[in-house]
Amino acid sequence: MTARSSLTVVLAAGEGTRMRSALPKVLHPVAGQPLLSHVLDAAPHGPGASLAVVIGPDHQAVADEVMRERPDAAIFIQAERLGTAHAVLAARDAIARGADDLLVAFGDTPLISAATFARLRAPLENGAALAVLGFRAADPTGYGRLLLEGDRLVAIREHADASAEERKVTLCNAGVMAFDGRRALEILDRIGNANSKREYYLVDAVSIVREMGLEAVVIETGEDEVRGINNKAQLAEAETVMQARLRKAALDAGVTLVAPETVYLATDTKFGRDVTIEPFVVIGPGVTIEDGAVIHSFSHIVQSSIGKKALVGPFARLRPGVSLGEGAKIGNFVEAKASTLEAGVKVNHLSYIGDTHIGASSNIGAGTITCNYDGFSKHKTLIGEGAFVGTNSSLVAPVKIGKGAYIGSGSVITKDVPDDALAVERSQQTTREGGAKRFREMKTRAKKPKEG
Ligand code: UD1
Ligand code: MG
């Protein structure tokens with residue numbers, strides 16, 4: 001932990017044309033979270049750490065995402081895309097406040113870690129004016145090359161401007177840089193656009209720092225951490241890297257993943273002890289799984305909390321807002337959303353449970369549907385504790401089933417059922433005794449001799 005103050009400027013003004021999408025590039029998700037918010041998460045946080053994000057014009061959706069993720073951030077608009085140094089200077093007002101360290105990161109490199117930002121800042125404390133994040137590229141085509149004299153960094157050459165000899169260099173610019181905050185504006189203002197693309201290149205900061213008689217250094221990291229996303233294939237590769245990290249972290253934390261490569265996790269998935277996840281499970285953002293819970297195969301879970309020893313699936317879908325109490329069970333082909341199931345509740349098969357509260361230990365029979373939507377608005381279903389809902393029942397919300405109540409199978413419940421009451425309500429107007437009486441009648445008829 002350093003006591004130095006910092007400003008991180010995240011560049012996100014690019015159009016991302018190669019994504020071939022209406023969605024701004026930095027809003028495409030990796031592990032269920034926009035590219036940009038991964039970078040914002042990794043950037044320094046807390047007291048003394050400020051943040052500025054540079055976005056393109058007409059990118060209100062990007063601004064909204066920044067505000068959701070980091071309400072403390074300042075947003076700057078780069079009206080014209082004249083290069084990475086020009087983009088950084090869009091945040092001039094924030095830079096002029098003079099934090100100790102100025103960090104520059106790209107909004108399309110989601111795999112960068114907080115530890116790497118910290119490593120990059122360390123040389124500034126020792127007097128360097130600039131630290132550049134470098135990596136050894138398997139294929140350096142397109143990247144800026146880091147040019148060294150001995151072990152001194154002297155320049156970065158963009159691919160387009162590099163000589164044949166320079167193009168052989170595999171040590172590349174990751175794009176992330178840390179500047180001495182008090183000198184940053186002076187350095188950035190000296191950057192010109194005398195290159196093949198007529199752009200203001202941030203990378204020119206290195207040779208300028210040298211001309212000023214100051215020190216520039218390289219900090220190396222692995223290629224996986226600095227993958228930039230420019231197209232859908234690279235987005236998919238980043239997902240693969242991120243999922244591998246998340247699975248490893250889950251395994252290290254003691255989660256049993258029977259077939260880790262088939263399980264998809266989100267960056268904020270929280271696990272208790274002795275959680276088991278069977279093959280082919282997808283977990284989206286906002287999921288907590290407590291001690292001893294088991295998620296069976298082919299389940300899909302988003303923004304929900306799974307209580308201790310609860311069981312989910314196989315083939316279950318938990319949409320946002322589901323809370324399962326201790327030992328609750330959601331079985332196969334059950335969909336639930338915005339519902340609380342208290343401890344020990346069982347919804348074992350083929351149900352839809354929406355906008356519902358179910359008291360402890362109630363049993364919801366196969367095929368039970370909460371009819372929460374009347375075509376205009378959503379309504380709530382309340383089921384007291386210890387209730388029994390027979391199979392294939394429709395609970396037409398708003399409706400309340402009292403605690404300990406018993407609903408006969410096939411009922412269509414449109415009125416509240418008091419505590420401990422028996423309700424058998426069928427649209428086909430069968431009798432209260434239901435099948436038993438009809439069965440007896442049928443048998444009696446069958447005994448009569450045939451006429452004719
Ligand atoms: C940049 C680096 C290159 C490095 C590579 C790593 C420069 C000049 N080049 O090249 O050395 O190896 O990243 O991936 O810095 N942006 C703006 N406004 C602009 C231009 C860019 O906001 O006017 C943003 C983009 O949205 C993107 C980032 O800056 O997030 C990098 O721009 P990009 O055009 O992708 O640079 P590269 O050619 O990849
Ligand atoms: Mg790029």
Side-chain angles (χ1 to χ4, degrees), residues 1-13 26 30-31 33-55 62-78 84 87-133 174-188 202 205 214-217 219 221 225-226 245 249 253 266-270 285-286 288:
M1 248 315 166
T2 168
R4 292 165 67 93
S5 63
S6 68
L7 167 68
T8 307
V9 177
V10 180
L11 306 188
V26 293
V30 163
Q33 188 183 321
L35 299 178
L36 178 60
S37 59
H38 286 278
V39 181
L40 302 187
D41 277 351
H45 277 68
S50 39
L51 181 68
V53 183
V54 179
I55 67 173
V62 179
D64 293 346
E65 173 60 23
V66 173
M67 284 298 113
R68 205 180 58 76
E69 181 82 14
R70 287 283 296 263
D72 59 313
I75 292 176
F76 295 92
I77 293 176
Q78 186 194 20
T84 42
V88 175
L89 282 171
R92 179 185 290 277
D93 291 351
I95 299 169
R97 270 180 230 122
D100 294 325
D101 302 345
L102 169 67
L103 295 157
V104 178
F106 293 166
D108 63 357
T109 50
L111 301 165
I112 187 98
S113 71
T116 296
F117 278 112
R119 279 213 295 140
L120 201 63
R121 293 174 71 183
L124 302 180
E125 264 182 280
N126 300 327
L130 176 61
V132 173
L133 190 65
V176 185
M177 293 188 186
F179 290 82
D180 174 346
R182 282 151 310 188
R183 292 207 157 100
L185 269 187
E186 194 188 341
I187 299 166
L188 293 167
L202 186 60
L214 302 168
E215 183 88 17
V217 300
I219 297 292
T221 189
E225 222 196 324
V226 293
R245 275 190 203 171
T267 43
D268 61 352
T269 311
K270 292 191 182 64
T288 300

Within the structure provided, determine whether L36 and V66 are in side-chain contact (heavy-atom separation under 4.5 Å). yes
Looking only at heavy atoms, which two atoms of L124 and F179 are closest? And how far apart? CD1-O, 3.5 Å
Should the heavy atoms of other residues, nucleotides or ligands under 6.0 Å from CZ of R183 be counted, would the total exceed 12? no
Close side-chain approach of M177 to L103, heavy-atom, < 4.5 Å: no
Any non-hydrogen side-chain atom of E225 less than 4.5 Å from a side-chain atom of L133? no
Quick check for you: to the nearest 0.5 Å, what is the distance between D100 atom CG and E125 atom CD? 9.0 Å
Shortest non-hydrogen separation from A205 to I187 and the atoms involved: CB-CG2, 3.9 Å
Donor-acceptor contact present, side-chain H38 to main-chain V30, <3.5 Å: yes
Heavy-atom distance under 4.5 Å between the side chains of V53 and V9, does that happen here? no
Among D108, L51, V26, whose side chain to side chain contact (heavy atoms under 4.5 Å, CB included) with V10 holds? L51
Under 3.5 Å donor-acceptor, E65 side chain and P34 backbone: no
Would you check, one step at a time, whether the test side chain to side chain contact (heavy atoms under 4.5 Å, CB included) holds for I55 with I75? CA-CA 7 Å; I55 67 173; I75 292 176; 3.7 Å; yes
Roughly how far, to the nearest 0.5 Å, is the CG atom of L188 from the CZ atom of R92? 8.5 Å
Looking only at non-hydrogen atoms, find the nearest pair between A13 and Q78 and report the distance. CB-OE1, 3.2 Å
Taking R121 for the side chain and L102 for the main chain, is one N or O donor matched with an acceptor at less than 3.5 Å? no
Gap separating the CZ atom of F76 from the CD1 atom of I95, nearest 0.5 angstrom: 8.0 Å
Distance col, row R70:CZ vs S50:OG, nearest 0.5 angstrom, shows 9.0 Å
I'd like to check I112 versus F117 (side-chain heavy atoms, cut-off strictly below 4.5 Å). Are they in contact? yes
Should V176 and V132 be marked as a side chain to side chain contact (heavy atoms under 4.5 Å, CB included) after you check the CA-CA gap, both sets of side-chain angles, and the distance that decides it? CA-CA 6 Å; V176 185; V132 173; over 6 Å; no
Heavy-atom closest pair (S6 atom, A99 atom, distance to 0.1 Å) is C-CB, 3.6 Å
To the nearest 0.5 Å, what is the distance between CD1 on I219 and OG1 on T116? 10.0 Å
What are the two closest heavy atoms between A174 and V226, and how far apart are they? CB-CG1, 3.5 Å
Side-chain donor/acceptor of R182 to backbone N/O of D101, under 3.5 Å: no
Closest heavy-atom contact between P123 and R119? CD-O, 3.3 Å
Exercise: do D268 and Q33 side chains pair donor with acceptor under 3.5 Å: no
Calculate, to the nearest 0.5 Å, the distance between atoms CG and CG belonging to L11 and L202 respectively. 7.0 Å
Between D41 and E69, does the side chain to side chain contact (heavy atoms under 4.5 Å, CB included) criterion hold? Intermediate values first, please. CA-CA 8 Å; D41 277 351; E69 181 82 14; 2.5 Å; yes
